[in-house]
Structure formats: structure tokens, C-alpha cells
Amino acid sequence: MTIFGVPPQLLFSQLLLGLINGSFYAVLSLGLAVIFGMLNVINFAHGAQFMIGAFVAWIALTQFGVNYWEALVLSPLLVGALSALIEVSMLRRLYKLDHLYGLLLTFGLALIAEGVFRNFYGVSGESYDVPDQLAGGVNLGFMFLPLYRGWVVVAALGVCLAVWFAIERTRLGATLRAATQRPDLVQSLGINVPLLMTATYAAGAALAAFAGVLAAPIMQVNPLMGSHLIIVVFAVVVIGGMGSILGSIVTGVGLGLVEAFTKVYYPQASGVVIFLIMVIVLLVRPAGLFGRQA
Amino acid sequence: MSDASVSPPLQSKGASAGTGTGVARPLGDRLMFVVLIVVGLVAPHLVYPTFLMKVLCFALFASAFNLLLGFAGLLSFGHAAFFAASAYVCGYLCRELGVTPEVGILAGTAFAGLLGLVFGQLAIRRSGIYFAMITLALAQLVYFIELELPFTGGEDGLQGIPRGHLLGLIDLSGNLTMYYFVFAIFLAGFWLIHRTIHSPFGQILKAIRENEQRAISLGYAVERYKLVAFVLSATLAGLAGATKSIVFQLASLTDAHWHMSGEVVLMTLLGGLGTVLGPSVGALTIVGLENLLADKVGPWVTVIMGGIFVVCVLVFRRGIVGELRALVLAPKDEA
Amino acid sequence: MKSKLLIGAAGLAMVLVGAVHAQVADGVVKIGVLTDLSGAYSDLSGQGSVVAVQMAIDDFVAREKPSFKVEMVYADHQNKPDIAANKAREWFERDGVDMVTDLVTSSTAVAVAKIGKEKDKIVLVNGAGSTRLTNEDCNDVTVHWAYDTYALANGTAKTLVQRGGKTWFFLTADYVFGHSLEKDASDVIVASGGKVLGSAAHPFPGTDFSSFLLKAQASGAQVIGLANAGTDTTNSIKQAAEFGITPKQTLAGLLVFITDVNSLGLKATQGMYLTEGFYWDLNEETRVWSKRFFEKHKKMPTMVQAGDYSAVMHYLQAVKAVNSDDTRKVMAQMKKTPVNDFFAKNGRIRDDGRMVHDMYLFEVKKPSESKGPWDYYKLVATIPGDEAFQSLSASRCPLIKK
């Protein structure tokens with residue numbers, strides 16, 4: 001029995017891989033969407049923050065014996081703190097200017113980060129072993145699923161849902177959303193809006209770093225790992241609707257699946273399909289699938 | 001989109017001063033051209049010609065980009081697509097069909113213009129960030145298509161493009177001869193950009209950039225002007241790409257990568273957004289730096305580029321030429 | 001009449017002067033090492049290649065005491081053909097470099113071979129593997145020194161089919177080297193009675209091979225041929241283990257270097273067959289040289305690095321013999337002289353640019369069989385040069401008249 005000429009085993013296993021990739025897209029685009037929604041900045045440095053997150057985990061492991069689980073907490077904290085510094089010292093000055101300057105600044109920062117790590121570590125990648133607790137795998141019948149990859153889906157989607165809940169259903173989230181719409185009013189209510197913005201940027205970066213630690217055992221930890229992903233993640237955010245949290249999550253996972261589907265039936269197009277979809281969405285529904293009209 | 005009226009559009013303050021006093025300008029411009037030509041004619045005897053040719057190609061590329069960003073206010077993050085597509089088309093025609101280089105370059109340029117028309121139609125409907133994102137996505141499409149198509153050679157690139165004989169007569173394999181050809185192309189493209197900027201069309205572009213609503217209310221078909229600017233910019237970027245492919249006899253994926261799009265933004269920003277000479281100065285600086293430092297510091301080159309980007313965006317937004325201009329014209333400027 | 005005589009005399013004088021000065025231009029021979037210093041192939045060539053070439057230069061100067069100076073420059077081409085081509089052009093045009101070597105990554109080698117032909121300078125390729133260098137893209141200034149994909153296929157693929165691996169699926173690096181290796185291996189497999197079930201091309205360099213590996217798994221092939229190298233190979237092997245693909249299906253590393261075995265460890269690679277042109281522990285000569293290399297580089301040499309030394313030494317000896325760095329003369333001398341050093345036994349350069357020499361089929365030792373670090377291979381067979389490499393009669397090189 002084949003589905004359009006492909007054995008079901010192959011199709012399902014690829015879709016499962018697509019789900020894993022989609023989880024990464026979801027977490028990363030979530031961070032981007034949060035930052036864009038709040039600060040109106042396209043954070044080109046998101047890929048670099050992802051990469052630094054993975055490297056922090058690797059350095060922590062090889063130099064200081066910090067294990068994977070500790071790194072999952074430590075890395076986002078460190079990267080978040082670093083990003084908060086960047087926001088306060090540089091990004092903040094650009095808010096009153098055209099949004100495109102923010103994009104250019106973060107682009108420059110991404111280049112710096114990539115270059116520094118390239119200089120010290122080359123580009124061939126460092127290997128980061130799967131933690132012992134998650135080694136091995138489970139035979140699902142249609143494929144052998146490494147436990148770690150299953151964990152990635154659970155962790156990534158879990159974090160996504162937690163963030164969504166925090167923003168859409170809690171008081172903090174409500175304040176954040178209000179500050180996006182009318183920062184002046186919120187400021188007059190006594191809320192420290194600049195602090196809120198710094199915290200948001202740091203949180204977005206921390207999300208990227210978290211994804212980086214998750215990715216370390218799967219992709220080789222190398223300085224270019226972020227720049228490969230970042231363009232795809234941009235597309236995800238645009239398709240989902242810039243600033244829509246749910247949109248990013250759903251689109252991220254969805255696109256991972258679409259990409260996997262394409263890999264099975266028409267592999268040459270698997271790199272292009274996401275951008276094709278983005279162009280179509282932008283023409284037909286410019287605010288994105290889940291976006292609100294500005 | 002939110003507060004577009006609050007934040008000033010992407011421009012340099014020096015730009016508006018460029019079309020100022022009617023008498024001084026033509027003289028200054030003519031002088032600029034004369035100096036350019038003299039320097040260009042003499043340079044290859046002092047400096048390695050292949051380096052100069054690279055600078056000229058990128059200067060043209062950046063100037064074409066500046067037309068769109070500095071004067072029409074549209075940030076395209078996908079200009080590498082035009083640069084690369086033209087290079088591949090030109091290279092393929094010259095290598096496989098044996099056409100002479102000027103025909104190859106014209107073909108590549110025309111293709112880039114066509115591509116610009118298609119992309120422009122899709123992208124112009126949006127503005128600001130969305131416009132940048134669309135152009136980025138479209139450029140990625142081109143990148144992946146170029147990766148998969150058999151004739152481009154994928155990762156290997158299109159190699160062995162012959163220098164050929166210009167008009168079937170002049171052998172371009174000598175570096176000096178090739179240089180003068182490239183210089184002529186650069187001058188032609190540069191002159192075209194200069195004329196466009198200082199024409200009524202250019203004025204309307206600037207008006208659209210400063211306040212689109214007002215331009216619409218004055219009855220201008222804003223979308224059409226933007227599209228023309230986009231196509232012109234794409235065409236000239238293609239001219240630069242095709243020329244480069246003949247100079248280096250190679251077209252590769254590096255030309256289509258979004259890093260290349262980013263690099264041309266950097267050149268323009270560093271040199272001076274919205275100035276005529278700025279992008280060329282930026283191209284000279286960046287290509288020169290890369291050349292100088294590549295052997296000595298290796299991967300630090302990326303870091304330095306990034307650092308320049310950051311500094312430019314934070315404190316040096318007018319760029320080299322913009323700052324110089326502000327210094328020179330300061331007393332009259334703030335009137 | 002008088003003016004004609006004068007012109008003639010001047011011309012004659014110039015020719016005479018030229019003949020007397022048929023020597024090394026500027027009295028310096030400059031060698032350029034163009035390699036991957038930081039990427040997927042930096043371990044198997046990279047800095048080690050630079051070390052090997054410097055060793056060759058130092059040994060040559062110390063032993064032969066030539067009348068000319070020898071200098072080396074090196075650069076990182078980042079596995080990109082445009083960077084390699086531009087660097088080579090700059091070296092040849094502006095910096096007076098006479099010969100370029102190493103050139104790992106076939107796309108860079110092919111590009112630089114073209115530049116060498118254009119500028120009439122010698123190109124000695126050690127790192128790259130694509131057979132195109134001695135077929136479609138051959139020219140008379142390029143020598144393909146260390147190995148090529150045909151020899152690899154003949155060694156590893158043939159052996160595996162003979163030992164029962166009849167059905168194959170390829171995981172191929174999507175550029176000229178990967179495709180060349182896949183094609184050469186497929187030809188050998190089919191000729192030996194096997195079948196190729198399919199292939200999946202992955203981007204070069206790649207990081208996550210899971211979706212391609214799963215395709216290979218779904219095909220049910222007995223052998224998964226890895227038509228890639230360096231970190232692509234090591235990562236494919238690691239991820240195949242992660243997904244439970246091995247040991248049910250056999251992984252065939254079609255191009256594996258000792259540095260790959262070192263980074264993966266014997267546990268993961270034991271029993272693997274591989275074809276190499278050099279092994280540090282093959283005989284006393286190789287041991288002596290390799291220990292000297294180890295002292296400088298702290299890792300045992302790969303066939304690429306040893307090949308770099310051998311090629312440079314052969315080149316410098318030719319330059320000394322003809323007392324000139326003129327490309328034609330040196331090339332003729334190089335082709336005339338057999339290559340017999342620690343690297344190559346019964347070696348000679350053919351007209352298609354192929355340096356034919358014996359290749360070796362190795363099997364990776366089990367951890368229990370290894371006596372210490374770098375003691376990884378046991379020799380299974382020696383493949384004589386004429387058998388290992390494609391014969392001239394089958395060559396697609398335009399220089400070979402049939």
C-alpha cells in the first residue's frame with residue numbers, strides 16, 4: 001500500500017521529522033513574534049542568539065562540566081542577560097527612528113556574533129552528546145524514534161504553550177499587550193514601560209537560546225547554525241502574522257510538516273516551499289494567517 | 001502599520017541638500033564627473049586592476065541599490081537576486097552559446113530588469129518591513145532555484161566563463177583592457193543614476209519618500225513610480241552582476257546569498273544613504289577592507305563588517321559622504 | 001638595410017640574454033597552499049596541509065641547497081569555488097605565485113585548474129576527488145595527485161559487493177565531488193553484479209541528515225553508500241546509529257580519512273572498509289616521515305597531507321633539474337620523472353594529469369585489536385596503480401588522442 005507512490009512508513013517517518021523541525025520553527029518564531037509585537041523590531045540577531053545558546057551549553061559542558069539539564073536553564077539566563085544589555089545600550093536608541101534601523105542593527109550584531117564564534121571554533125561544528133537520560137529510542141513500528149527527538153517536540157511545544165498562556169491569559173501578559181498598543185498610557189499608569197521592553201527583548205532572546213540548547217545534540221553546534229534557520233523563521237513569522245503568538249506556533253509546526261511532505265514527494269523544492277507560501281500569503285492576506293490588521 | 005508619521009523615513013539629512021542651489025550644483029557635478037574619469041583612467045596603472053574592477057562592479061551595485069533605498073525610501077533585502085540571476089544568464093550565454101561579452105551583459109541586464117518587474121509587482125503593494133521581508137523571500141526563492149537548476153552548476157557555480165572579444169574585435173583577456181571596459185560600464189550606469197536622481201522623476205520619488213500621503217493627494221500614481229524605481233534599480237544591479245561574471249569568469253551561489261544583499265546595504269549605509277557618490281565610496285571602503293584584512297585576520301572580517309554596521313546605524317547614519325557633506329554645507333543647511 | 005640589421009642584432013641579443021637567463025624568475029619559487037582552514041574538511045587537510053608543504057620546502061632546501069629561494073603562501077577558500085578562483089587569480093597575477101596545491105573540495109579544484117590553464121601556472125591537486133579533473137576538465141597544467149573517486153569506488157564499493165552487499169542506496173553531497181563519487185561507485189556496483197536502489201542528495205555541507213537517512217532506511221538497501229566526506233561522513237554515521245539504521249544496514253564510507261576514524265572512535269567504525277592512498281603505519285618509511293609530521297601537527301597525517309608533501313617535493317626537484325620555473329619545462333620534467341617516495345610507490349604522471357600510484361584497501365580495527373591512538377587500520381589488499389585508476393583508453397580527456 002502506498003500513498004501517492006510512497007510507502008506509508010517513509011511518509012510518516014518524514015512527517016514526524018517535520019514535526020520536530022516544526023517545533024524548532026515554532027519556538028524561534030515565537031521569540032521573534034514576541035519581540036516584534038512589543039518592540040516593533042525585526043530581530044535579525046535571533047539566529048545568533050540561538051547559536052550562542054547552543055555554544056554556551058557546549059562550552060559549559062566541555063569546560064565546566066555543566067550538564068544538559070542545567071544548561072537548559074543557564075543558557076537562556078545568560079543569553080537573556082546579554083541581550084538585555086544590548087537592548088539598553090543600543091537598540092533603545094533606535095525606537096524613535098524608522099523600524100528598519102532596528103533590523104539593520106541586529107543584522108550587524110548577528111554578523112559580529114557569527115564572526116567571533118567562527119574565529120574561535122571554525123565552522124565544521126562541535127558535537128554535543130545526547131544526555132544519558134534521553135539516549136536510545138522507541139520503535140514506533142513505522143520508524144525508530146530516538147527518545148531525544150521526541151523530547152524536543154514535547155519541550156518546545158510545552159514552552160510555546162506556556163508563553164502563549166502567559167501572554168494571552170495572565171495579567172502580566174495583558175500589561176504587555178497594552179504597552180504594545182499605547183505605551184504612553186501604560187507608562188502614565190505607573191508601569192515602567194522601558195523596563196518592560198528590555199525584559200521582553202531578553203525573554204525573546206532567552207527563548208532562542210533555549211531552542212539552541214534543545215538543538216545542540218541534533219544539529220552540530222557551529223557558528224552558522226543560526227543563519228541557516230533565521231531566514232526560514234522570518235518567513236514563518238510573516239506567514240503566521242507578525243505579532244500573533246498563536247499564529248507563530250501553529251505556522252511553525254505547520255510549515256515543518258509541509259516541508260517534510262515536500263521532501264518526500266518533490267525534494268528539490270523543499271528549500272523553496274516555505275518562501276513560496278510566504279509570497280502567496282503576503283499577496284492574499286497581507287497581515288498573515290492569524291495576524292490582526294495594523 | 002503603526003507610527004510611520006512619527007519616525008523619520010530611512011534617509012540621510014544630507015540628501016535634501018543635494019538638490020539645493022541651482023547654480024552651484026551642475027558645476028559641482030561636472031567637476032565630480034571629471035575627477036571620477038581622471039581617477040578611473042589613471043588608477044589601474046597604480047593599483048591591481050582586478051581589485052579595481054571588483055570595486056567598480058560593487059560600486060554600481062550599491063549605487064543601483066541606493067536609488068531604491070536612499071531616494072525612494074524602499075529597503076530591499078533581496079537585491080542579490082538580481083545581481084546573481086544576471087550573472088548566471090550572462091555567463092551561460094557566453095560560455096555555452098559563445099555570444100560576445102557585451103551581448104551577454106545586455107542579456108543578463110535585461111533578465112534582471114524582467115525579474116525586477118515581476119518582483120516589483122509583488123512587493124510594491126506593501127511597504128516598510130513587509131516590503132523588506134517580501135524581497136528577502138523572493139530572493140531566497142531565486143537562491144534555491146539557482147541551487148537546483150542543472151545549468152547553474154549548483155554549489156560548484158558556473159565556471160569557465162570566457163572573457164571573450166568585445167564586439168568580436170577587442171580581446172578582453174588582458175586585465176587592462178577589461179578594466180577600461182568595466183570602467184565604461186560603470187560610468188554609463190552611474191551617469192544614468194545621476195540623471196534619474198536629478199530629473200523630475202527623481203524629485204517625485206523623493207516626495208514619495210518624504211510623505212507618501214501628500215504625494216497621493218497631489219495626484220501622483222505612487223505605486224507606478226515606485227515600480228519604475230524598483231525595476232531601474234534591479235536592472236542596474238543586474239548590469240553590475242553580469243559585468244562581474246565576465247571579470248571573474250565565474251557566477252556562484254555566493255552572489256545570490258542574502259549575505260550579499262546585506263553587504264550591499266552596508267556599503268550604501270556606510271558610504272552615505274541618499275547621496276550620489278556615497279555608495280561608491282562605501283563599496284570602495286568595504287571591498288578594500290575585505291581585501292586588506294582577509295589574509296591577515298581571516299574570520300575577523302565578518303566581525304569588523306558587523307561592527308561597522310552597528311556603528312553606522314547607531315551614530316553614523318549619514319555615512320561618509322553624508323557626514324562630509326553636512327560638514328561642508330553646514331552653515332547653509334539649517335536655514 | 002642597416003636598421004633591419006640593427007633590429008635583427010637586437011633581437012638576437014635578446015634571445016641570447018633570454019637563454020642565459022632561462023632560470024627561476026626573480027630567483028624565487030612561490031608555492032600557494034589553497035585549502036579549507038576552518039570548515040568541513042579542515043581536519044583532513046587544512047592546517048596540516050600547510051605544515052606538510054612547509055616540511056617539504058624545508059627538507060628540499062636543506063638537502064638540495066638550491067640556487068633559488070622557496071616561499072610559501074596559504075589561504076582559506078572556505079570550500080567556495082569563487083573564493084578559491086579569485087584567490088588563485090590574485091596569487092598568479094599579482095603576487096608571483098608559481099604553483100598552487102592542496103585544493104580540497106572538488107569544486108574549488110576544478111575552478112582553480114581553469115585559472116591555472118589561463119595563467120599558464122601549475123596546479124597540483126591533492127585534496128579533491130572528482131574524476132572530472134582528469135576527464136572533462138583536464139588540462140596540461142593540472143596534476144591530480146593523491147586519489148580520485150574512481151579509485152575509491154574500485155576499492156571500497158567493489159569489495160563490499162563481492163562480500164555480499166548487493167543492493168545500495170546513496171547519500172550524496174550535492175556538488176561535483178559527491179555526484180562524481182556516486183557515479184563511479186554505481187558503475188562499479190552494477191559491473192560487479194549489484195543494484196543501486198536510489199539516492200538522496202544532501203546540501204553541502206550538511207548538519208542534519210535524518211530525513212535523508214530515513215529515506216535510505218525505507219529503501220531497504222543492504223548498503224548505504226556515503227558519497228560525502230569529512231564532517232558530513234562522520235555526522236551521517238553518528239545519526240544513522242541514533243536512528244537505529246545501523247547495524248541492520250551497512251554504512252559504506254566511500255571516502256574516509258584517518259582523522260574521521262579518530263573523531264568517531266573505533267567502536268563506531270570497527271569493521272569499516274576504506275580505500276586510502278597512504279597510511280602512516282604502512283612501512284618503516286611512512287612511519288619515519290609520519291612521526292616527524294606528528295611532532296609538528298600533533299595528529300597523524302592523512303593521505304591528503306602526505307600527498308601535499310610528495311607533490312611539492314616532486315615539483316621542487318623538477319624545478320631544480322631544469323633550473324627554471326617555466327611551466328612547460330617543469331611539467332615535462334615532472335612527467336618524465338617517476339614518483340617513488342614514502343607516499344607513492346610506482347608512481348607516474350600520465351598525460352591526462354593523473355598521478356597513478358598504488359592504492360590500499362584497509363579495514364578498521366576492532367578496539368581490542370588496536371594498540372594505541374592512531375593504530376586504526378589493517379591492510380586488506382594493495383591495489384596496483386594501473387588497476388586502481390581509470391585506464392587511459394576509457395578517458396574522456398580531450399588531451400588523450402584515441
Side-chain angles (χ1 to χ4, degrees), chain A residues 36 40-42 44 48 89-91 93-120 122-123 180-181 223 227 230-232 234-235 237-239 242 267-279 282-283 286-287 294, chain B residues 1-4 6-11 69 73-75 77 119 121-123 125-126 128-134 136-145 147-149 257-259 261-263 265-266 269 297-315 317:
Chain A
F36 182 76
N40 257 310
V41 165
I42 297 278
F44 227 109
S89 60
M90 297 188 243
L91 207 48
R93 300 164 191 234
L94 302 175
Y95 292 153
K96 35 185 177 6
L97 301 174
D98 193 302
H99 309 312
L100 294 169
Y101 279 117
L103 186 156
L104 294 177
L105 176 77
T106 51
F107 182 77
L109 291 171
L111 285 181
I112 294 177
E114 190 184 298
V116 166
F117 278 90
R118 260 190 92 143
N119 196 56
F120 288 116
V123 296
T180 317
Q181 312 272 41
S227 64
I230 190 71
I231 304 294
V232 175
F234 277 160
V237 172
V238 171
I239 295 173
M242 323 245 281
Q268 296 89 324
S270 56
V272 190
V273 68
I274 291 189
F275 299 103
L276 213 52
I277 295 178
M278 176 171 141
V279 171
L282 275 170
L283 291 174
Chain B
M1 264 204 77
S2 32
D3 24 31
V6 174
S7 46
L10 213 60
Q11 59 160 167
L69 179 59
L74 296 163
L75 172 65
F77 225 97
F119 282 17
Q121 297 277 28
L122 295 170
R125 304 165 187 222
R126 312 292 302 145
I129 298 277
Y130 287 98
F131 178 81
M133 290 292 114
I134 299 184
L136 182 56
L138 290 169
Q140 280 304 99
L141 270 169
V142 171
Y143 179 87
F144 279 108
I145 291 174
L147 178 59
E148 294 298 334
L149 279 180
H257 199 264
W258 54 270
H259 266 159
S261 295
E263 218 177 291
V265 177
L266 176 60
L269 192 61
V297 297
W300 287 111
V301 177
T302 320
V303 178
I304 294 173
M305 294 299 147
I308 296 177
F309 232 125
V310 170
V311 167
C312 276
V313 169
L314 285 176
V315 297
R317 276 189 287 279

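The CG atom of A:L100 sits 13.5 Å away from atom CZ of A:F107, with the distance rounded to the nearest 0.5 Å. Remark: B:L75 CG to A:L104 CG distance equals 6.0 Å, nearest 0.5 Å. For the atom pair CG of A:L103 and CZ of A:F36, the computed distance is 10.0 Å after rounding to the nearest 0.5 Å. Note that CD1 of A:I112 is 10.5 Å distant from CZ of B:F309, once rounded to the nearest 0.5 Å. Of the inter-residue distances, the one linking A:L276 atom CG with B:Q140 atom CD reads 13.0 Å to the nearest 0.5 angstrom.
Heavy atoms of B:I134 lying under 4.5 Å from chain A belong to its backbone as well as its side chain. Only the side chain of B:V265 comes within contact range of chain A, with heavy atoms under 4.5 Å apart. At a 4.5 Å heavy-atom cutoff, the contact between A:I231 and chain B is made by side-chain atoms alone. If you measure heavy-atom distances from A:S227 to chain B, the contacts under 4.5 Å come from both the backbone and the side chain. At a 4.5 Å heavy-atom cutoff, B:Y143 makes no contact with chain A through either its backbone or its side chain. Only the side chain of A:L94 has a heavy atom closer than 4.5 Å to any heavy atom of chain B. Proximity to chain B involves both the backbone and the side chain of A:V116, based on heavy atoms less than 4.5 angstrom apart. Within the 4.5 angstrom heavy-atom criterion, only side-chain atoms of A:V279, from C-beta onward, approach chain B. In this structure, chain B has a heavy atom under 4.5 Å from the side chain of A:I230, while its backbone stays farther away. Within the 4.5 angstrom heavy-atom criterion, atoms from both the backbone and the side chain of A:L105 approach chain B. In this structure, the portion of A:M278 lying under 4.5 Å from any heavy atom of chain B is its side chain and not its backbone.
Listed by first and then second residue, the side-chain hydrogen bond (donor to acceptor under 3.5 Å, both in side chains) pairs that reach into residues 297-306 of chain B are A:N119-B:W300, sequence neighbours excluded.
Here B:V303 is the residue among B:I304, B:I308, B:V303 with the most heavy-atom pairs under 4.5 Å with chain A. Among the candidates B:L147, B:V310, B:V311, the residue making the largest number of heavy-atom pairs closer than 4.5 Å to chain A is B:V310.
You'll find the side chain of A:N40 stays beyond 4.5 Å of the side chain of A:Y95, heavy atoms only. Looking at heavy atoms from C-beta onward, B:M305 lies out of side-chain contact with B:H259 at the 4.5 angstrom threshold.
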**OP:** Would you please test A:F44 and B:W258 for ring pair (Phe, Tyr, Trp, His ring centres under 6.0 Å) and show each step?
**Re:** CA-CA 12 Å; A:F44 227 109; B:W258 54 270; 5.5 Å; yes
